[in-house]
2 protein chains.
Amino acid sequence: MFKRYLPILEWMKIYDRQMFSSDAIAAVIVTIMLIPQSLAYALLAGLPAEVGLYASILPLIAYTIFGTSRTLAVGPVAVVSLMTAAAIGNIAVQGTEQYLTAAIALAFISGAMLILMGIFKLGLFANFLSHPVISGFITASGLIIAASQLKHILGIEASGHNLLDILLALCNHITQTNLATVVIGIGAIAFLFWARKNLKNLLLRGGLNARLSDLIAKAGPVFVVIITTLITWGGNLQNQGVKVIGVIPQGLPSLALPPFDPDLWQQLFVSALLISVVGFVESVSVAQTLAAKRRQRISPDQELIGLGTSNLASSFSGGFPVTGGFSRSVVNFDAGAETPAAGAFTAIGIAIATLLLTPLIFFLPKATLAATIIVAVLSLVDIAALKRTWTYSRSDFSAMLVTIIVTLVQGVELGIIAGVGLSIFLHLHRTSKPHSALVGQVPGTEHFRNIDRHEVKTDKHILTLRIDESLYFANARYLEDRVYELVALTPTVKHLILMCPAVNLIDASALESLEAINARLKDSGVIFHLSEVKGPVMDKLKRSHFLDDLTGQVFLSQYTAWEALRTPEKAPL
Amino acid sequence: MFKRYLPILEWMKIYDRQMFSSDAIAAVIVTIMLIPQSLAYALLAGLPAEVGLYASILPLIAYTIFGTSRTLAVGPVAVVSLMTAAAIGNIAVQGTEQYLTAAIALAFISGAMLILMGIFKLGLFANFLSHPVISGFITASGLIIAASQLKHILGIEASGHNLLDILLALCNHITQTNLATVVIGIGAIAFLFWARKNLKNLLLRGGLNARLSDLIAKAGPVFVVIITTLITWGGNLQNQGVKVIGVIPQGLPSLALPPFDPDLWQQLFVSALLISVVGFVESVSVAQTLAAKRRQRISPDQELIGLGTSNLASSFSGGFPVTGGFSRSVVNFDAGAETPAAGAFTAIGIAIATLLLTPLIFFLPKATLAATIIVAVLSLVDIAALKRTWTYSRSDFSAMLVTIIVTLVQGVELGIIAGVGLSIFLHLHRTSKPHSALVGQVPGTEHFRNIDRHEVKTDKHILTLRIDESLYFANARYLEDRVYELVALTPTVKHLILMCPAVNLIDASALESLEAINARLKDSGVIFHLSEVKGPVMDKLKRSHFLDDLTGQVFLSQYTAWEALRTPEKAPL
C-alpha cells in the first residue's frame, strides 16, 4: 500500500548503467532548454526571474519520486503562469513581497489540493473540463499571453489580465516604444519562427543525423538567448533603454514553510482549484501521449500525487505553481529519457546553473524572453479547432466559443468557469429529454414496438410508455410532464404502464416523480404499472415506500402486463 | 402564435355564470386568508406590511392573463420572502428607502428572467434542482424562518440570515423579553396548532358539512388575527410594549417603473436567478398536483411567463418577488375555483381591503403574524425525508444533508448553490465510469458476451471492448484510460474493437478521445476498429476527420468484425 504511492520503487529495481546514460543525456538537453523557459515563465507570472529557476529544482525531484510518467518534464508552464498572475494580481502588487508570498501560498494550496484529489481518487474533477472548453481556454490564454508580452518587445509599461485591458494599455504607452528593444524583440521572434521551420532541414543538409538535427532545432530559444545576451553586453544596449534581467541572486533557494495565513488561503482557494485542475489535465494528456508511444501506462490518480508533491516542493523552495510541460516533455522523450530519473538529473542541472550561470545572464534582454514566450504560445492557438467543432457539434462549439470570448474579455478564471458551467448545462439539457416512445404489441408476438413506426396492436384503456434512459433529476420532471400530457390527451385511459428495460438507475428525484405520478394518476382514476424493471433498480425501489403505494403492479415482462390488463377481444360478429 | 402566450383566451371562450359564481366564492375565501399572509410575508422579507398587500393585487391579475394553472394562487410566499430578505440584507438596511427599492428591483429582475426562460423554453433550469436539494432547502429555510420569527414572539430585537446568527442574537437580547407579547404569541401558536388538529372535527360534530368545516379550519389564522387585534385594542396592550402593525398607508399602490440602476441589478443578479428558479419549481409542483386532480394540464414553459409577468406586475406596483403558494392554492382549489379568474377576483378583494380595512389592523400585533408564519413553515420542515433518502440512496442523502447544513449555517443562497453543485458533481461522478465489458464470441453463434461471465471464444490478437453508455466529456477520459490499460496488459494484441451498440451520442470531447486512442494505438502498433455504430452517431462521425484517420475499419456488426480479424483456427492435430 505504501508502494502504491511510490512509483520510484518500481523502476529503481531495474535501473542500470544504460538507463543512467540515456537519462543523463536527456537531462542535459532539457536543462539547456528549461533555463530560458523557467526565467520567461517567472516573468510571465509577474515574479522575479530566479523564482522560475527555483520552481525547476525540487519540484522535478518530487516528480521523480512520485510521478508515474517515465518522460514527463515538470516545471513552470505558460498557461499556469498566466493563471498565477491573474490569481495574485487581484491580491497584491507585482514586485512586492506580498506578491511573492501569495505565489508561494498558491503553489502550496494547489499542491495540497492535488494530493487530496489523488488520495480520494478525485481525478474525475478533470472530467468537468470538456475538450472544447480546454481547447478554447488554451487558445484564448495563448492570445492573452502573446499580447501581454508585447510590452517587453516594445520596451514599454502595460499590464492587464484580459485582452482588452492589455491592448488598451499598449495603445496608451505606444509612444514610449524603445527602438533598440524592438529590434532585439522582433529579431528574436523572426529567428525563432525561421528556426522552427527551417533549422532542422538546414542541419540535415549539413550532414547531421535526424535526431540531433531535431533536438538542436528545438533548442532555438537557447541560441537566441546567447546571441542577444552577447549583443546587449557588447553594445552596452542596457544604456539605450533595453531592459535586461539584471542581478539574479546567486545560490540555491532556501527552504521555508509557506506562509500560514487563512485569509490569504481563502482568497486563493478558487484560483488554486482552477490551476490544479487545468494543470493536471494538461499534464496528464502530455504524459498519456508519450506513454502510449512506448506502450507504457500512467496512473491518473498517482499523477495527482506526483504533481501535488511537485507543487508542495515548489512552495517549500520559494517557487510558484508548476505542472508537466508539453514541449520540454517531448524534448525529454526525443532525447531518449527512459525513467523519471532524467527529471532528477535535470534538477541537478538547473541547480548548478542557479549556482554558477546567473551572472552570465545579467545582460539577457527581457525582450528575448518575451520573444520565446510569444513563439511558444502562438503554437497553442488553434483557431481551426473552432471550425472543426462547429462542423461536428453546435453545442460543443458554443461551449468553446463562450470559453474563448469570456477568457479574452473577462480573464482566465471567469473564462474557464463559464466554459465548464455551460458545458455541464448543455449536457444536462441534452439528457433532460430522454428518448421515450408509446409502444404497442407486434401482432402475434411478445414484442412491443413504437406505435408511430410499426403496425402494432393498442388498447384504448392502456398506454405503455417505454423510457430509454436512466431516470435522474435532470429528466425526472420531463417524465412527469410527458405522463400528464399523455393522460390528459387520452380520456379513455385506465392503465398506464411505464416500461423500463433501459433504466439503469432511478435516483431520489426520479423516485419522487414516480410517487407524484402514481398519486396524481390515482386522483384522476388511472392505475399506474411498471414493467421490465431491472434487478438492481427493483432492489432499490424495495427500500422505499413506492411499491407499497403503487396503485398497479410491477410486471416482469411487458407481455405479461399486456395480457393481464388488456380488454378481452370480442369474438368477431 | 400570439395565443400561445395568452392562455386566458382559451378559457374565456367557455366562461359562464356558473364558473363566475364558483370563482367568486373561492376568491372571497382566499382573500380572507391572503390578507394576514401577505402582511406576514412582507414583514418576513423585512419590508413594510403594506408591501405584502401591493404584491397581492396586480401580480394576481397578471397570472390570470398569462398563467396556465386553473387554480394556482399567486402572491408572497414564505421561502421566497426569506430569500428576498437574504438577498437585500447584504445591500441595504431594513427600513430604509434603498431596501424597498432593492426589493422592487429584485422582483423586476426575477420577472424578466422568468419571462426570458419562458420564451427560450429554459424551464429545464429547474431540473438542476434535484428533489433532495429542494426538500433539504425547504426544511432548512423553514427552520431559519421559524427562528427568525421568535424575536416577534418574544418582543425583542434580533436579526440574521442564518440559524446561528439568529439564535445568537436571540440569546443576547433574551432579557428584554416582553411578557404581554409572549402571551399573545404563544397563545396564537397554541391556538393555531390546536385548530389545525381539532377545529375541523369540532365543526363537523357541530353539524357543519365537511367542505365548509375544512375551509373554516384552514382559516384559523384569520380568527387569531381578529381575536388578538381586538384584545390588543381592548387592553391597550401597545402601551405594555406589544408591537403592532400600526399605521398603514391607505390606498392602492401607485404604479412606477422600477429603478434603472445597473450596479444594483448586477448585485442582485445571482439572488434573482435563485429566487426565480426556486419560486418556479415550488409553484409548478403545486400547479401540477392540483391540475392532475382534475385531469387538467399546465404548461411549464408558459408558467414561466405567467410567474414572470406576475413579478413584473409586482415590481411596477411597489411589491416584491411572488410565486404560487401551496396552502392558498389548495384552499382556492377546495373552495371550488374553476378558472384563473378567481385570482383576478382575489386581487379585487385585496384591493378593497387595502382601501378600506387597513385602519382596522392598526392594533394587529406583530407577534400574531409571527405565530401564523411559524405554524405555516414548521409544516414545511420534513426531517423524516432525511431518513427516507438515506435508506434509498447515499449520494442523494449527502446532497440533501449538505444543502440543509450549508443553508442553516451559511444562509439560503450558499445553501442552494452548494446543493446544486454537489448533486451535479455526484451525477457526473456516477456516469464518469460507464459500464463496459470485454466480450468474446458465444461459440457457434453470432452473439458476443462478457468474457468474465460467459464461456466465450477469444483471440489473443483481438480485444473487443463493449461500452454501454453514450460517450461524452465526463466519461471520455475514463474510456481512454481503460483502453490504454487493456493494451498495456495484453502484449499480444493487434486489433482493438470498440463495440458501440448502446452509444447514442459521441460529443466533441469523446471524439477527441477516440482520435487520441487511434493515434496512440497506432504508435504502439495496434489497429483500432469500431463495430455496431448507430446511424445518427455514424452520420456525425462522418463530419469529422476521425474516419479518415482511423487505422482500422467500422464494422456493421461485431460478428463481421470478428470473422474478418480473427486468427484462422488450425485444423485439429
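Side chains are part of it too, since the values below use all heavy atoms of this structure and drop only hydrogens, waters and symmetry mates. Chain letters run A, B, ... following the sequence lines, proteins first, then strands; residues in each count from 1. All values reported here derive from a predicted model rather than from experimental measurement.
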*Contact class of A:I134 relative to chain B, heavy atoms under 4.5 angstrom*: neither

*Could you check which of B:M400, B:E485, B:K433 has the highest count of heavy-atom pairs closer than 4.5 Å to chain A?*
B:E485

*Supply the atom-to-atom distance A:L511 CG to B:S393 OG, rounded to the nearest 0.5 angstrom.*
9.5 Å

*asked:* What's the separation between atom OG1 in B:T431 and atom OH in A:Y472, rounded to the nearest 0.5 Å?
replied: 7.5 Å

_Taking side chain as everything from C-beta outward and backbone as N, CA, C, O, which of these in A:L541 sits under 4.5 Å from a heavy atom of chain B? Side chain, backbone, both or neither._
both

*Look at the side chain of A:S509 and the backbone N and O of B:H131, then say whether any donor-acceptor pair between them is shorter than 3.5 Å.*
yes

_Closest-packed option against chain A by number of heavy-atom pairs under 4.5 Å, given B:L489, B:T389, B:I424_ = B:I424

_If we define contacts as heavy-atom pairs under 4.5 Å, which of B:V281, B:V284, B:T289 has the most with chain A?_
B:T289

*Atom OH in A:Y392, atom CD1 in B:I506: separation rounded to 0.5 Å?*
5.0 Å

*Could you check if a side-chain atom of A:D507 sits within less than 4.5 angstrom of a side-chain atom of B:H427, using non-hydrogen atoms only?*
no

_B:I517 portion near chain A, given a 4.5 angstrom heavy-atom threshold_ = neither

*A:S423 portion near chain B, given a 4.5 angstrom heavy-atom threshold*: both

*For chain A, which of B:A508, B:S432, B:A291 has the most heavy-atom pairs under 4.5 Å?*
B:A508

*With a 4.5 angstrom heavy-atom cut-off, could you sort out which part of A:Y478 is near chain B: side chain, backbone, both or neither?*
neither

*Engaged part of A:V483 at the chain B interface, taking heavy atoms whose separation is under 4.5 Å*: neither

*asked:* So for B:A516, is it side chain, backbone, both, or neither that comes closer than 4.5 Å to the heavy atoms of chain A?
replied: neither

*OG-CZ distance between B:S544 and A:R388, expressed to the nearest 0.5 angstrom*: 10.0 Å

*How long is the span from the OG atom in B:S285 to the CZ atom in A:R477, to the nearest 0.5 Å?*
8.0 Å

*Under the side-chain hydrogen bond (donor to acceptor under 3.5 Å, both in side chains) rule, collect the residues that match up with B:D481, sequence neighbours excluded.*
A:Q288

